[in-house]
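For reference, the structure is listed below as structure tokens.
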Amino acid sequence: MMASLQLFWQQTLAMLWKDIRCELRTRQVWGGMALFALLVLVVFNFAFDLRVNDKVAVAPGALWIAFVFASILGLGRTFAAELEHGSMDRLLICPVDRKAIYCAKLLGNMAFIGVVEIIAVPLFAAAYDLPVLTLGIIPIVLLGTLGIAAIGTLFSAIASNTRAREVLLPLLVFPLIIPVVIGAVRATQELVSPVGDGVPWLGLIIAFDVIFLSVSAVMFQYVVEE
Amino acid sequence: MSAQTFSSPDIAVTPAPASQAVVTAASLTKRYGLRPVLRNVSFSLASGKTLALLGPNGAGKTTLLRLLATLAKPSAGEATICGFDVVADANVVRRLIGYVGHQPPVYDDLTGRENLLFFARMYGLPDGPARAQLLLERVGLRAKANDRVRTYSRGQAQRLALARGLLHHPALLLLDEPDTGLDDDAIELLHELLQERQMAGLTTIFTTHQLERGIQQSDETLVLLGGRVVFAGASSALTLADLRRLYGGQAGGTL
């Protein structure tokens, strides 16, 4: 049992290391995602021409829209390296638990999105002049990202087998992540301007994260195997 | 056959004695939708033997290899590797086989060495670096070991693919047209390597369109036409003329 668990994590980390290494060499995901997120924030800033009273109401939404759009760019590339020769055979032929593949891809997506967030949050704080650079933003961003990546990784595997994957992925992912995005936006609003509406937004995100993770981890095997 | 043990954190499998079958397939059938690709394929292969899987394009050779490699599931029938069912015991079977498909099963943006080390970790091999070094030298890629696979020629990538297939000392090696795109030197090296491993007890199934080479380099031959077995037996009992006759029946005489 312990040996199996040890092998599971050894394989998961090996796949994660491989994906990060390939990304550092090709720079196909990170640069594009970060630039896209920053552009969204800047465009929103100009488009809304925010006055002081409006900021708290709309700025957290702009931040999470930037994260979601940038995430979709990265999620679309989740299985790109595996599919460069047309199939996932290279991984599937290995004696690896399919949950370990899911776990590695999920962690990879979180890392890619996380880097974008690390760049975007300080820029957001400066551009919108809101006090988001506190420790309180970490659990919100972490849990929100987990929810997006959990469902996005599964649907990226589904979409990767189709020709219209670039179109299909957002169509599948956006509706499902709405509860997590709502929770994350409201939790971010509470952080920058506490109104105390009594709703445990973080708890809502956690609940959806657990559901998304459980369902996706189980479903993944049936998606990647024939 | 020399004693060879395959071990991992989960299992310790000793291959079947030479007299026992490493591969058995019974009424193996595969359909994609309503279209049958393999129909009632049955055969067995003893330990240390080499089987040439021949047939024209679309005969079902790759599908049969993919079923044995656990990459596809049979619609009917069953197959076992060293006694383990390819569906029910898929993860154990994956430890017992090496598979080199049409495309080299390696990552273009990793170096040759990184590829082998990655797959060593995937198989839980504690001596991965030593095995990788040994195999890189054996396949003649020591000088290119730290170069990205993207810079390799087709032949070099294929040699790395073979090294990856042999990395975990499989009991059964499945090769899908391993000589495609290789020059004569690379084919010679491939043949040498396989002979070495066969002497150590490796069982091999390979597909090829080089019929003469296929017969010469195998102990047994299985010929598929339209997903059906039309010949199964000793390669020594088969001549090129026989093969041409078999192919001519359904492939318009082209080879």
Side-chain angles (χ1 to χ4, degrees), chain A residues 1-30 77-105 107-108 112 161 220-226, chain B residues 6-11 30 32 62-63 65-75 87 89-111 114-115 117-126 128 148-150 157 161 164-165 167-168 170 174 176:
Chain A
M1 181 66 186
M2 276 306 289
S4 296
L5 200 63
Q6 193 181 351
L7 183 66
F8 179 95
W9 283 108
Q10 182 186 335
Q11 291 172 329
T12 301
L13 293 176
M15 286 182 276
L16 180 63
W17 169 88
K18 184 262 295 172
D19 284 347
I20 290 175
R21 193 130 189 145
C22 287
E23 171 54 22
L24 287 174
R25 284 181 181 159
T26 58
R27 295 188 189 91
Q28 289 184 325
V29 180
W30 264 327
R77 301 286 305 168
T78 305
F79 293 94
E82 307 303 340
L83 294 167
E84 65 188 357
H85 289 307
S87 74
M88 282 182 64
D89 289 359
R90 286 170 296 186
L91 273 188
L92 298 180
I93 195 68
C94 296
V96 55
D97 188 336
R98 278 36 181 157
K99 288 190 187 73
I101 300 178
Y102 173 77
C103 201
K105 295 295 179 186
L107 291 173
F112 295 152
N161 290 318
F220 188 77
Q221 173 174 359
Y222 301 102
V223 171
V224 294
E225 289 193 340
E226 185 190 296
Chain B
F6 307 91
S7 61
S8 80
D10 292 329
I11 58 162
K30 179 66 181 174
Y32 288 108
T62 297
T63 302
L65 285 192
R66 289 180 65 80
L67 290 179
L68 296 176
T70 75
L71 291 169
K73 291 191 174 107
S75 307
V87 177
D89 308 309
N91 240 11
V92 180
V93 169
R94 288 179 191 125
R95 289 194 179 281
L96 297 170
I97 55 168
Y99 175 72
V100 181
H102 276 299
Q103 297 290 343
V106 288
Y107 291 94
D108 290 350
D109 289 311
L110 296 181
T111 67
E114 284 170 347
N115 263 292
L117 291 177
F118 168 69
F119 286 109
R121 285 188 207 111
M122 296 301 280
Y123 283 86
L125 304 174
R148 273 199 243 182
V149 173
R150 197 172 286 286
R164 180 260 174 270
L167 184 68
H168 54 292
L174 303 168
D176 198 357

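A quick note: this is a predicted structure, and the numbers were derived from the prediction, not measured.
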Inset, instruction - Against chain B, label A:Leu91 side chain, backbone, both or neither, depending on which of its atoms sit under 4.5 Å from a heavy atom there. - result: both

Legend entry - OG1 on B:Thr111 to CZ on A:Arg25, rounded to 0.5 Å: 6.0 Å

Inset, instruction - Output yes when A:Glu225 and B:Arg66 qualify as a salt bridge under the 4.0 Å nitrogen-oxygen rule, no when they do not. - result: no

Legend entry - Sequence-distant partners of B:Arg164, side-chain hydrogen bond (donor to acceptor under 3.5 Å, both in side chains), two or more places apart: B:Tyr123

Inset, instruction - Return the minimal non-hydrogen interatomic distance between B:Val106 and A:Arg90, and the atom names on each side. - result: O-NH1, 2.7 Å

Inset, instruction - For the pair B:Met122 and A:Met15, evaluate side chain to side chain contact (heavy atoms under 4.5 Å, CB included) and give the outcome as yes or no after the intermediate values. - result: CA-CA 8 Å; B:Met122 296 301 280; A:Met15 286 182 276; 3.7 Å; yes

Inset, instruction - Taking only Lys NZ, Arg NE, NH1 and NH2, and the carboxylate oxygens of Asp or Glu, determine whether B:Asp109 and A:Arg21 approach each other closer than 4.0 Å. - result: no

Inset, instruction - Measure the spacing between OH of B:Tyr99 and SG of A:Cys94 and express it to the nearest 0.5 Å. - result: 13.0 Å

Inset, instruction - To the nearest 0.5 angstrom, please state how far the CG atom of B:Leu125 sits from the CD atom of A:Gln10. - result: 8.5 Å

Legend entry - Minimum heavy-atom distance between B:Arg121 and A:Leu7, given as atom pair plus value: O-CD1, 4.4 Å

Inset, instruction - Only counting residues at least two apart or in another chain, list the ones meeting ring-ring contact (aromatic ring centres under 6.0 Å, His included) with B:Phe119. - result: none

Inset, instruction - Over all heavy atoms of both residues, which pair between A:Ile93 and B:Ala69 is shortest? Give the atoms and the distance, please. - result: CD1-O, 3.2 Å

Inset, instruction - Could you look at B:Ile97 and say if it's the side chain, the backbone, both or neither that has a heavy atom under 4.5 Å from chain A? - result: side chain

Legend entry - Crowding at CD, A:Gln221 (>12 non-hydrogen neighbours, <6.0 Å): yes

Inset, instruction - Measure the CG-OH distance between A:Asp19 and B:Tyr107 for me, rounded to the nearest 0.5 Å. - result: 7.5 Å

